[in-house]
Amino acid sequence: MDLDFTAAEDALRAEARDWLAARVPSVPLPSLETAEGFAAHRQWEGMLFADRWSVVSWPEQFGGRGSSLLEWLIFEEEYYRAGAPGRVSQNGINLLAPTLFEYGTDEQRERVLPSMASGEVVWAQAWSEPEAGSDLASLRSVAVRTEGGWRISGQKTWSSRAAFADRAFGLFRSDPEADRPHRGLTYLMFPLDADGVTVRPIGRLDGKPAFAELFLDDVFVPDEDVIGEPGQGWRVAMSTTGNERGLTLRSPGRFTAAADRLTSLWHSTADPDAGVTALGDRVADAVIGARAYQLFAYAHASRITAGGVIAAGGSIGAESSLNKVFWSELDIALHETALDLLGPYGELSDEATEAPAHGSWAEGHTFSLAGPIYAGTNEIQRDIIAERLLGLPKGRR
Amino acid sequence: MRFLLDGEQREFARTLDGMLGSAGTPGVVRSWASGDHGPGRALWGRLGEAGVFALAVPEEHEGVGPLPVELAVAFGELGRHAVPGPLAETAAAGALLGRLGGDAAHVWLPQLASGKAVASLCVLSPGGSPYALDADAADAVFVVDGDTVRLADSHGPVQPSADPARRPARPLGGVVFAQGPAVTAAAAYAADVAALVTAAQALGLGRALLERTVEYVRQRTQFGVAVGSFQAVKHRLADTLIALEFAQPLVYAAALALAADDPAAGREVAAAKVSACEAAYGAARTALHLHGAVGYTAEPDLSLWIRKARPLRTAWGTPAVCRARVLAGGTLR
């Protein structure tokens with residue numbers, strides 16, 4: 001057992017650190033949940049891609065570096081430590097790409113992945129529907145067979161990034177006669193500017209259009225945009241949701257960097273005569289939580305390297321549920337503690353010119369509040385943990 | 001990097017688990033609590049033969065250590081089986097004397113390493129305990145006071161603890177046998193070892209409590225169905241597992257930091273201690289609650305595990321002390 005990095009891993013860390021130090025904007029980009037910010041972030045993705053930093057874990061042929069999971073974790077640590085911008089392409093990179101690697105065709109990979117990695121095409125996810133949030137099996141939007149493809153109709157909602165994105169991916173009911181609700185679903189990709197698509201941005205809690213409703217009226221999707229076999233969408237999608245809950249969406253670097261900033265904030269605001277206060281205890285717990293999450297990720301990466309998880313089959317899905325509950329609660333705790341340390345300045349939104357740290361704590365706090373809801377609510381995750389890891393009987397939700 | 005136990009370490013854990021599982025530890029705990037140390041000392045001897053205490057003792061004194069990772073593995077199993085006695089104190093005394101060397105090390109370390117002798121240790125410091133655990137059962141009670149260390153002559157009356165198998169008493173008298181900055185440094189290291197193994201012990205305790213409670217709610221029925229099918233019950237147990245799972249790597253990282261003499265080791269140990277002990281205490285509260293009135297009664301063996309959680313939480317570093325220590329530095333790594 002060790003926590004030692006190899007020379008190659010240290011070299012990657014140093015290279016990333018130097019690259020980021022030279023290029024991370026000194027003033028943060030505007031929020032990516034605005035038109036202006038979206039464009040600026042898209043440009044940043046292009047810069048990352050040009051030097052193969054946008055998708056380090058992908059094979060080189062698609063613009064990556066073929067990095068291991070551990071190398072990816074190292075890169076992310078440096079990325080967030082440098083205060084680099086949030087990733088506008090992350091829905092595509094973290095949710096769609098792994099599915100294409102597993103279930104896509106060569107043609108799909110070659111067509112979709114490079115433009116995703118460069119930020120040229122930004123993807124929105126279209127999972128949820130007004131009557132189906134965490135319960136994806138109850139989806140109602142339909143895909144009807146037609147010559148050369150499918151015609152999709154229905155309504156999607158809470159589509160992250162869809163207000164400004166180019167394309168979307170989601171599940172559609174292609175066989176209403178299927179004997180079980182999660183059978184008869186098909187996984188499709190479609191353009192957001194196609195005939196029959198209406199995008200209605202939805203303001204999140206702070207009013208920014210972080211997601212949108214999609215109204216789909218007989219939209220044509222060619223066969224080449226079906227991922228995996230028609231009717232097998234549930235199985236295809238499950239590989240994505242595992243990713244969404246697990247490490248690939250929320251690398252520890254994000255939280256270790258935030259914990260570092262929180263510690264600095266504590267040392268700069270705490271009254272040295274007051275000793276450790278209740279607020280100080282919360283800072284300590286956030287620091288400990290970020291370290292625990294980082295170490296859990298190192299263990300996870302070690303298990304994957306050792307082949308243990310893959311050999312054990314489905315356990316990675318349940319393990320990602322442990323992660324999801326932990327990081328989503330940690331994220332809120334980090335930001336709430338920072339806002340409390342800021343006292344009267346904590347109420348200022350990221351649009352306030354006098355907001356501390358360019359409003360990054362304020363915007364981060366708003367974003368963190370969605371954590372326990374998206375990617376399968378924490379209630380669903382706890383059910384998965386209880387049933388699959390602890391072996392408790394299924395019951396009414 | 002391979003942040004996983006290796007095959008030998010896992011096998012060591014399995015061997016201890018098997019040995020302790022058939023040792024009837026609940027009976028040993030009850031005897032120990034009543035002041036009859038015979039069965040406990042017999043078990044202690046077997047732990048010594050299995051090499052548990054040698055892990056804290058340097059090779060030149062007939063030990064195999066110090067091996068903090070293996071100590072953490074072993075103490076996880078001791079906690080899982082609720083083994084009584086001054087376990088952390090004996091390991092820490094080994095660490096203290098190992099660092100100090102000299103005559104006391106020469107006399108005591110081989111006996112501690114083999115399990116033939118039981119030690120207790122008291123490090124007098126602000127916020128620390130004035131008591132030596134199980135002084136009445138120990139062959140030697142070491143007392144660190146500032147930059148001096150002495151071997152106590154005797155002890156005051158045993159003060160009953162929340163865990164009846166813990167028998168704290170004030171150490172009395174004794175002659176100083178080492179003094180100076182080396183004592184201060186060795187005592188700080190020993191206290192870190194004690195905190196680390198206490199954290200590991202707490203995690204084992206928490207895992208045992210979770211397992212027993214999961215078993216119980218699977219078979220206990222109310223309103224015609226298993227209690228374990230209720231979402232409120234499931235979620236409480238899921239949270240218990242999450243707390244234990246995320247505390248575990250902190251314990252191993254702290255062990256690695258101690259093994260490497262990392263300057264940040266003390267803070268890593270503090271982080272491990274607070275999260276492991278909070279997780280175990282949470283597991284005890286959950287076990288008590290989900291067993292209902294059964295969990296609130298002393299007769300079932302479950303109570304032996306539940307009652308350990310509270311003292312472990314404050315032994316060798318209260319949550320407040322540990323959090324202050326984490327805060328005193330920069331980042332953890």
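Letters A, B, ... mirror the listed sequences (proteins, then strands); counts begin at 1.
Interface remark: A/Glu379 contributes backbone and side-chain atoms alike to the contact with chain B (heavy atom separation under 4.5 Å). For a residue to count as touching a neighbouring chain, one of its non-hydrogen atoms must lie under 4.5 Å from one of that chain's; by this rule A/Leu390 touches chain B with backbone and side chain alike.
Applying the side-chain hydrogen bond (donor to acceptor under 3.5 Å, both in side chains) rule to B/Gln248 yields the partners B/Arg207, B/Tyr252; only residues at least two apart in sequence or on another chain are considered.
The number of heavy atoms from other shown groups lying within 6.0 Å of CD (B/Glu8) does not exceed 12. Counting heavy atoms of neighbouring residues, nucleotides and ligands inside a 6.0 Å radius, atom OH of B/Tyr216 exceeds 12 of them.
Shortest non-hydrogen contact noted between B/Phe246 and A/Leu322 is CE1-O, 3.7 Å. Here the closest non-hydrogen pair linking A/Ser302 and B/Leu4 is CB-CG, 3.6 Å. Contact between B/Met1 and A/Asp2 at its shortest, heavy atoms only, is CA-OD1, 3.3 Å.
Counting only N and O atoms by type, the side chains of A/Asn378 and B/His235 include no donor and acceptor under 3.5 Å apart.
Residues of residues 195-203 of chain B never come closer than 4.5 Å to chain A when only heavy atoms are counted. The stretch residues 274-283 of chain B places B/Val274, B/Ser275 near chain A, each with some heavy atom under 4.5 Å from a heavy atom of that chain.
Each salt bridge (charged side-chain N to carboxylate O under 4.0 Å, His left out) pair with one or both residues in residues 283-292 of chain B, not counting sequence neighbours, would appear here, but there are none.
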- Give the C-alpha distance, both sets of side-chain angles, the deciding distance and a yes or no for side-chain contact (heavy atoms from CB on, under 4.5 Å) between A/Met1 and B/Leu5. CA-CA 5 Å; A/Met1 162 170 278; B/Leu5 294 179; 3.9 Å; yes
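Counting only distance, with no hydrogens or angles, the side chain of A/Arg382 and the backbone of B/Leu237 share no donor-acceptor pair below 3.5 Å.
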